[in-house]
Amino acid sequence: MSHPSEDEEDYMSDAFLLKCEDKRPGLIFSSKTAKQIERERKQKESNERNKVKPKKVLEHEKRTEGLSTALSANNKGFSLLQKMGYKPGMSLGKKGTGRAEPVPIEIKADRGGLGKAAEAKRKAEEMQAMRARMAVKRQRTEVKQKESFVQHMSSRFASKTVGKDLNTSQTACHHLDTESGYTRPVERFHWPDNWWSLEEKPEGGEEEEEGEEHLQEEEGEEDEDEGQSLTDEEKLQALTFYLRTTYHYCIWCGTKYNDSEDMEANCPGDSAEAHD
C-alpha cells in the first residue's frame with residue numbers, strides 16, 4: 001500500500017478543516033440565537049420595503065417636483081397663453097412688463113394668524129424709521145446746543161474783552177483829560193465810575209461845599225441817565241473815537257501819537273480785531 005504524497009496530505013487537511021465548525025471563544029451561537037438574528041434581518045428588510053413617508057415629507061417632495069417641472073402643452077392655461085402668442089420666458093402683459101415667473105408659494109409653518117407676519121414686519125419697519133428720525137433729531141439738537149454753547153462762550157469772552165477795554169479807555173481818558181486841565185469829563189462814561197473820589201474837593205466853607213455836592217449830584221444824575229442808555233460796546237466806540245481824535249491815543253497800541261498822520265501810518269486800526 002502506497003503512502004499519500006505531501007500535496008495530497010495538505011489537500012486532505014484543508015478539506016477536513018473546512019467541514020469543521022468554528023468553535024472559537026466568544027463566537028458560540030446556538031440555533032435559537034441564529035434564528036432570532038435571521039428574523040430581525042428579514043423584518044428590517046421588510047420595513048425598508050414597506051416604509052411609508054410622513055405626509056409633510058411627501059407634500060414637500062411633490063411640491064418641489066411640481067415647481068421644478070415646467071408646464072407642458074397639455075396644461076389648459078398654458079395652452080391658452082400659447083394661443084395668444086405667449087412663448088416660454090416671456091413676461092406677461094400687453095407691453096411685456098408683467099411677471100415672468102409664477103407667483104412663489106409661501107408655506108406657513110407656524111400657527112400664527114394670516115397677516116401676522118406682515119403686520120409684525122410693518123411695525124418693525126415703522127419702529128426702525130422712528131428710531132432713525134429720533135437719532136437725526138437728537139443729532140441736530142446736540143449740534144444746536146453745541147453751537148449755542150460756543151456762541152454763549154464767545155459772547156461772554158467778547159463781553160469781558162469789551163469791559164476790559166472800556167476800563168482801560170476810561171483810565172486813559174481820565175489821565176489825559178486831567179493833564180489837559182479838565183476837572184470834569186466831557187461825558188459821564190469817559191472817566192471811571194469812581195471819578196468823583198478822584199476829583200479834588202473845592203476849597204471854601206460848608207455852604208460852598210454843600211452847593212458843589214448838590215450841583216455835582218444833579219449833573220451826575222443827568223450824565224448817568226445818558227450813559228445808562230448806551231451799551232458797553234457803544235461806550236467803548238465813542239470813547240476810543242474821542243481819544244483818537246482829541247489826543248491821537250490808541251488804547252490797543254498804548255501809544256500817544258504826534259498827530260493824525262502819524263496815527264494813520266503806524267496804528268493798525270480803531271478796533272481790537274485790527275490789532276490781533
Side-chain angles (χ1 to χ4, degrees), residues 137-276:
K137 185 177 180 181
R138 183 166 56 252
Q139 185 177 4
R140 291 177 179 175
T141 303
E142 291 176 355
V143 171
K144 288 182 180 180
Q145 289 177 351
K146 185 177 181 180
E147 292 177 352
S148 177
F149 176 76
V150 172
Q151 291 176 358
H152 176 67
M153 296 302 295
S154 299
S155 62
R156 286 185 60 183
F157 179 76
S159 178
K160 289 182 179 180
T161 304
V162 169
K164 181 180 178 181
D165 292 343
L166 181 59
N167 292 333
T168 303
S169 301
Q170 289 173 339
T171 303
C173 184
H174 175 264
H175 177 72
L176 294 172
D177 282 347
T178 52
E179 279 188 349
S180 300
Y182 288 93
T183 58
R184 298 178 62 82
V186 178
E187 297 290 346
R188 171 67 182 84
F189 60 88
H190 280 194
W191 289 7
D193 293 337
N194 59 346
W195 69 275
W196 288 107
S197 62
L198 298 176
E199 193 178 43
E200 294 182 0
K201 294 183 179 180
E203 296 180 359
E206 295 180 356
E207 295 181 357
E208 182 178 356
E209 183 177 351
E210 291 178 356
E212 182 68 20
E213 290 179 354
H214 181 68
L215 178 61
Q216 289 175 353
E217 290 177 358
E218 291 180 352
E219 293 180 354
E221 290 177 357
E222 293 178 358
D223 294 340
E224 186 175 0
D225 293 340
E226 183 179 357
Q228 286 179 351
S229 62
L230 300 176
T231 62
D232 288 348
E233 289 81 358
E234 293 172 343
K235 292 178 183 179
L236 178 62
Q237 185 177 3
L239 183 53
T240 51
F241 177 78
Y242 171 77
L243 292 173
R244 294 175 71 86
T245 55
T246 304
Y247 300 109
H248 309 296
Y249 181 80
C250 175
I251 64 168
W252 296 288
C253 295
T255 304
K256 183 178 180 181
Y257 295 94
N258 297 326
D259 50 28
S260 57
E261 294 180 356
D262 185 19
M263 174 176 280
E264 184 176 357
N266 298 291
C267 181
D270 58 353
S271 64
E273 289 78 8
H275 291 76
D276 290 341

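Keep in mind it's a predicted model, so treat the numbers as computed, not measured.
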Open item on the list: Are there over 12 heavy-atom neighbours, none belonging to E234, within less than 6.0 Å of that residue's CD?
Closed with: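 Correct, the count exceeds 12.
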Open item on the list: I'd like to know whether CD of E261 has more than 12 heavy-atom contacts from other residues, nucleotides or ligands below 6.0 angstrom.
Closed with: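 Counting neighbours around CD of E261, 12 or fewer heavy atoms of other residues, nucleotides or ligands fall under 6.0 Å, so no.
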Gap between atom [atom2] of [Y] and atom [atom1] of [X] - 0.5 Å precision:
X	Y	atom1	atom2	answer
K235	D165	NZ	CG	14.5 Å
L239	L166	CG	CG	6.5 Å
F189	C173	CZ	SG	9.0 Å
I251	L236	CD1	CG	5.5 Å
R244	C250	CZ	SG	5.0 Å
R188	H190	CZ	NE2	11.5 Å

TODO: Say whether Q170 and H174, considering side chains only, have a donor N or O and an acceptor N or O under 3.5 Å apart.
DONE: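 Absent: no donor and acceptor within the cut-off.
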TODO: Let me see the working for E179 and L176 under side chain to side chain contact (heavy atoms under 4.5 Å, CB included), right down to the final yes or no.
DONE: CA-CA 5 Å; E179 279 188 349; L176 294 172; 4.2 Å; yes
Open item on the list: Does the plane of the ring in Y242 sit parallel, tilted or perpendicular to the ring in Y247? Use 30° and 60° as the thresholds.
Closed with: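 The rings of Y242 and Y247 stand perpendicular, inter-plane angle above 60°.
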Open item on the list: Using every non-hydrogen atom in the two residues, find where C253 and C267 come nearest and quote the distance to one decimal.
Closed with: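 So the two residues come closest at SG-SG, 3.8 Å.
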TODO: Give the C-alpha distance, both sets of side-chain angles, the deciding distance and a yes or no for side chain to side chain contact (heavy atoms under 4.5 Å, CB included) between T178 and W191.
DONE: CA-CA 10 Å; T178 52; W191 289 7; 4.1 Å; yes
